[in-house]
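Proteins come first, then strands; the chains are lettered A, B, ... in the order of their sequence lines, and each starts at number 1.
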Amino acid sequence: MEILIPLLIVFPFVAAAVLSLLRHAKAREIVMYAASVIVMLLAGSLLVLWLQNGAVSVSFYVETELVDGAMLVVELFLMVLVTVLCARRHRYLIALLSIAQTCLLAWLDLWGPAVKENAHIRVDGLSLLLCLIVAVIGGLICLYAVGYMRGYHHHHKDVQDRRSFFFAMLFVFLGAMFGLVLSESLMWMDFFWEVTSICSFLLIGYTRTEEAVHNSFRALWMNLLGGLGFAVGIAYSSAVLHTVSLSEVVSLGAAIPVALLAFAALTKSAQMPFSSWLLGAMVAPTPTSALLHSATMVKAGVYMLLRLSPALCGSLTGQMVALIGGFTFFAASLLAISQSDGKKVLAYSTVSNLGLITACAGVGMHETVWAGIFLLIFHAASKSMLFQDVGAVENALGSRDIEDMQALMLRLPKLASIMVIGIAGMFLAPFGMLISKWAALKAFVDADNVVLVLLLAFGSASTMFYWTKWLGRILSISRVRLAHDVTKPNEWVSLYIHAVLMVLLCATFPLLSTWVVEPMLTGMFGESVQVLTSDNMVLMIVMLCFIFLLPACVYLFTRNLRHTYVISYMGGANAGDNNHFIDALGEKKNLQISNWYMTGYFGEKKLLLPCTILSTAVLTVMMCMILVGGVLV
Amino acid sequence: MNTTRLLCCLGYILLAPFIGGLLDGIDRKLSARMQGRTGPSILQPFYDIIKLFHKQIFLVNHSQFFLVGSYLVFVIFSGALMFAGYDLLMSFFALTTAAMFLVLASCSTHSPFSAMASQRELLQMMSYEPMVLLACVGFYLATGSFQVSDIIQSNLSPIVFLPGFFIGFVYILTIKMRKSPFDISTAHHAHQEMVRGVTTEMVGSLYAITQIAEWYENVMLLGIVALFFINGNPISWPLAILGVLFVYFLETLIDNTTARLKWSKVLSSAWLVTLLFGGLNLLVLDLMIKYR
């Protein structure tokens, strides 16, 4: 394992370097394929090795001076890079954020207070799970990106083709994610944390349009602000607690560093009031959205929170995190109702689901963390699938507006089926997300958190609204212009594997609970609790069987039934094809049917500002309380 | 234990449509009397259903079969779960899935009336969902379990702890049962601007299936109402039945004395009632448990 771990982290960087130098399209694609597969294999073999070693938490690398020095150099380089880029666009304040945290960390590294020796890398269930998510889902997204970007530049001639850079960034990002989730040392974690921030900044700005640049800088300042919190947290814990080891900070449970780390995590996982960067990130090409903003990077934030959860349980910081998370879940699900842009709905739903995971981590009890980890797994798989699917639909239809997906089941049946699986997985009984929601609700009640119970109850009602109306649009059947499916084979590979993965996850979730999530929690909390009763497991499986068997049964029953097809009812004015009606002057008019968006009630204009103000106020007040309280104690 | 579960479950599956149909007949009769008419026989709903099954099948598209069929199966499943004494929350999740199939069945037809009504139906779902979830939470706090088999064994009737939840639940029951003033997506009375709402494109046996599903659903919902009254003492059972009948009468009365609201009012009033009655009751109950 000592060799495999550095290999896993460094290999993507090497692949990135190779990719950035390659100018030949064919060669670049081959490298992409090979590198994605190797990354998956490396993560897989790490898992196998870890299982062979008894599946316990193991830590490595106490002496790492050389690597520390190298990281410092890279960090300084990144600071200069950010400063130059910011200066070029006259955004000096953002540069200041970067300079402040880098200088702080550099000082800590070189002349800071002495800290206890500690391991720099730790492998346990949770970090390996994240590794697998990053490797498998990230790897698939890279496969998908090859085909997608070819189509993208075919359609968008105005965008300069910087694919080498784009692909390289994807791999840099993967490497940074591996580093982040495997790090035990906060210093290392912060380094990778910053790399992911800057990666996402560069990827969002890929098209270099005015909007993209603007949004990328917003993502940058929000993430750097969190990074600054991270750095100050490290400084505090090394000065006062004399440790920079994450697990020690958690077990000591000191309020201030935990609060600062949680703050950083909130920015990274795009919780209110910081959710606008994730929405803005949707200007980037789809693989970016899928990789960074749904499947992996935002998961770094909730990963951190789940790690911190034993320290959050019952503390004021925990209450802050839970409140912000619960509120984000509710607010984002309302905002999603008013969106008709497919990617934007996905973005809001991401924010919303991350809010739920955040709330689970904030409550920090055994059951909530169980629910949080499950949400994380299912969300990663289904959201990345949905993003890629919407991207493929956009390439075929030239639009990703949900209103344009009318009768998608007839026009692009394969893509539509995958979309249905993804959407059903997001909110329907008996699929994965719902069981987590069930567990979360029960745990919130047990934790006496009335506010969270209310937020969850209202939030899941609005979640159902926006998903079902999307589903209704896809399944709505009318005579429409057929679309030409331009999805490339490599995109299909990724989509199919995702779909199979999703169905498998749903079908095997009891096993997943007993074999994967429960042991993980036993490691974190020291005791084992059966969250899911066997009754409920059986019920879910029965429902799952229904869902899959029903269509077949109905088909068999109704196959020989005599029936007549009729046109739909339009008060006698149907022109005969269900798509047109005869108006009062006897003319044929096109029938337009659209979903409700209720922008007057749930629109961004109406809700976004009050939500941002409210959450900022809550965050500021509670942070002040925690910090002042921590200093006084 | 398991045999009782099985018997209750079977009892529900076999008897619910008859009870639901009978209640529907009573509702029609009562409504007629309230409006000064004689009204049909209380067995009329059954005659209607039989007639519907003998009609020709007209389809707008083939997926209607599957979607309407799924609606029925999931309604029965969720009711069976509840009557067999399983997890209340789980059975409501299944009921949501069922309701969603009805919306999809309506969406799939691409008809202006059912399309408009399916959005309204979704809005109705969004209006009542929070209260449904909260009611489950209320039962959990009052009796310490989500399992129906445990809830009916409690010492005191849950309604003692859950008066606010009860009011809230009866309020959203009006939406669930498609009674005026909340019958915005489809109504039992001749509907003007929406024709027949979500069921506009369902005719013959297809429509009969939605009707039967609705009966199953009503029996299940009234079962929840009964759950508010039932405790370990057998005397509570007749009381529960009286309570259910009273609530049902109340719904009929509300239906006949109110005029349809705008959709925005449905949403805002339902959420307000949920927050006020459900939320406050939840808060009080939580504090009670904390300081007991």
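Ring centroid separation for the pair A:Y601 and B:W263 comes in under the 6.0 Å cut-off.
For the pair A:I567 and B:E201, the tightest heavy-atom approach, listed with the atom from each and the gap, is O-OE1, 4.5 Å. What you find for B:S63 and A:I477 is that their closest heavy atoms are OG-CD1, 3.5 Å. Closest of all the heavy-atom pairs between B:A115 and A:I593 is CB-CG2, 3.4 Å. Of all the heavy atoms in A:M464 and B:M126, the pair that sits closest is CE-N, 3.9 Å.
Residues B:H110 and A:S568 are not in side-chain contact: their nearest non-hydrogen atoms beyond the backbone lie 4.5 Å or more apart. Looking at A:W467 and B:M100, their side chains never come closer than 4.5 Å, going by heavy atoms from C-beta outward. Put simply, the side chain of A:N595 does not reach to within 4.5 Å of the side chain of B:L122, judged on heavy atoms. Put simply, the side chain of B:H62 reaches to within 4.5 Å of the side chain of A:Y565, judged on heavy atoms. A 4.5 Å side-chain heavy-atom check between B:Q119 and A:K469 finds at least one atom pair inside the cut-off. The side-chain heavy atoms of B:L104 and A:L471, taken from C-beta on, include a pair separated by under 4.5 Å. Counting heavy atoms from C-beta on, the side chains of B:P112 and A:L591 come closer than 4.5 Å. The side-chain heavy atoms of A:K442 and B:L89, taken from C-beta on, include no pair separated by under 4.5 Å.
Taking chain B as the reference chain and counting heavy-atom pairs below 4.5 Å, the highest number among A:D446, A:I337, A:I474 is found for A:D446. Comparing B:L275, B:V103, B:T96 by heavy-atom pairs within less than 4.5 Å of chain A, the highest count is held by B:L275. When the candidates B:S264, B:A105, B:G204, B:S118 are compared by the number of heavy-atom contacts under 4.5 Å with chain A, B:S264 comes out ahead. Each of B:M125, B:M116, B:M131, B:Q56 has some count of heavy-atom pairs under 4.5 Å with chain A, and the biggest count is that of B:M125. Ranked by heavy-atom pairs under 4.5 Å with chain A, the list B:L67, B:L123, B:V132 is led by B:L123. Of the listed residues (A:V445, A:T564, A:V451, A:V453), the greatest number of heavy-atom pairs within a distance under 4.5 Å of chain B belongs to A:T564.
Atom CG of A:N578 is separated from atom OG1 of B:T109 by 8.5 Å, given to the nearest 0.5 angstrom. Put simply, CG on B:L102 and OG1 on A:T468 are 11.5 Å apart, with the number rounded to the nearest 0.5 Å. The CZ atom of B:F113 sits 9.0 Å away from atom CE of A:M570, with the distance rounded to the nearest 0.5 Å.
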Legend entry - Criterion side-chain contact (heavy atoms from CB on, under 4.5 Å) on B:L134 and A:L454, from CA distance to verdict: CA-CA 8 Å; B:L134 284 188; A:L454 288 174; 3.5 Å; yes

Inset, instruction - Would you check, one step at a time, whether the test side-chain contact (heavy atoms from CB on, under 4.5 Å) holds for A:Y569 with B:R196? - result: CA-CA 10 Å; A:Y569 179 73; B:R196 202 58 173 80; over 6 Å; no

Inset, instruction - Would you sort out whether A:L475 and B:C107 count as a side-chain contact (heavy atoms from CB on, under 4.5 Å), showing the intermediate values? - result: CA-CA 7 Å; A:L475 296 180; B:C107 274; over 6 Å; no

Inset, instruction - Applying side-chain contact (heavy atoms from CB on, under 4.5 Å), run through B:L287 and A:V450 and close with a yes or a no. - result: CA-CA 10 Å; B:L287 291 176; A:V450 175; over 6 Å; no

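For A:L441, the part sitting under 4.5 Å from any heavy atom of chain B is the side chain, from C-beta outward, and nothing else. At a 4.5 Å heavy-atom cutoff, A:Q592 makes no contact with chain B through either its backbone or its side chain. Looking at B:L59, the atoms closer than 4.5 Å to chain A (heavy atoms on both sides) sit in the backbone and in the side chain alike. Looking at A:T463, there are no atoms closer than 4.5 Å to chain B (heavy atoms on both sides), in backbone or side chain. Residue B:Y128: no heavy atom, backbone or side chain, is found under 4.5 Å from chain A. The contact between B:T200 and chain A is made entirely by side chain atoms (from C-beta outward), counting heavy-atom distances below 4.5 Å. Heavy atoms closer than 4.5 Å to chain A are found in the side chain of B:Y140, but not in its backbone. Contact annotation for B:L81: only side-chain heavy atoms (C-beta onward) come within less than 4.5 Å of a heavy atom of chain A. B:Y86 touches chain A through its side chain: at least one heavy atom from C-beta onward sits under 4.5 Å away, while N, CA, C and O do not.
Other residues, nucleotides and ligands contribute at most 12 non-hydrogen atoms within 6.0 Å of the CZ atom of B:F277.
Aromatic ring orientation, B:W271 versus A:F458: perpendicular (interplanar angle above 60°, classes split at 30° and 60°).
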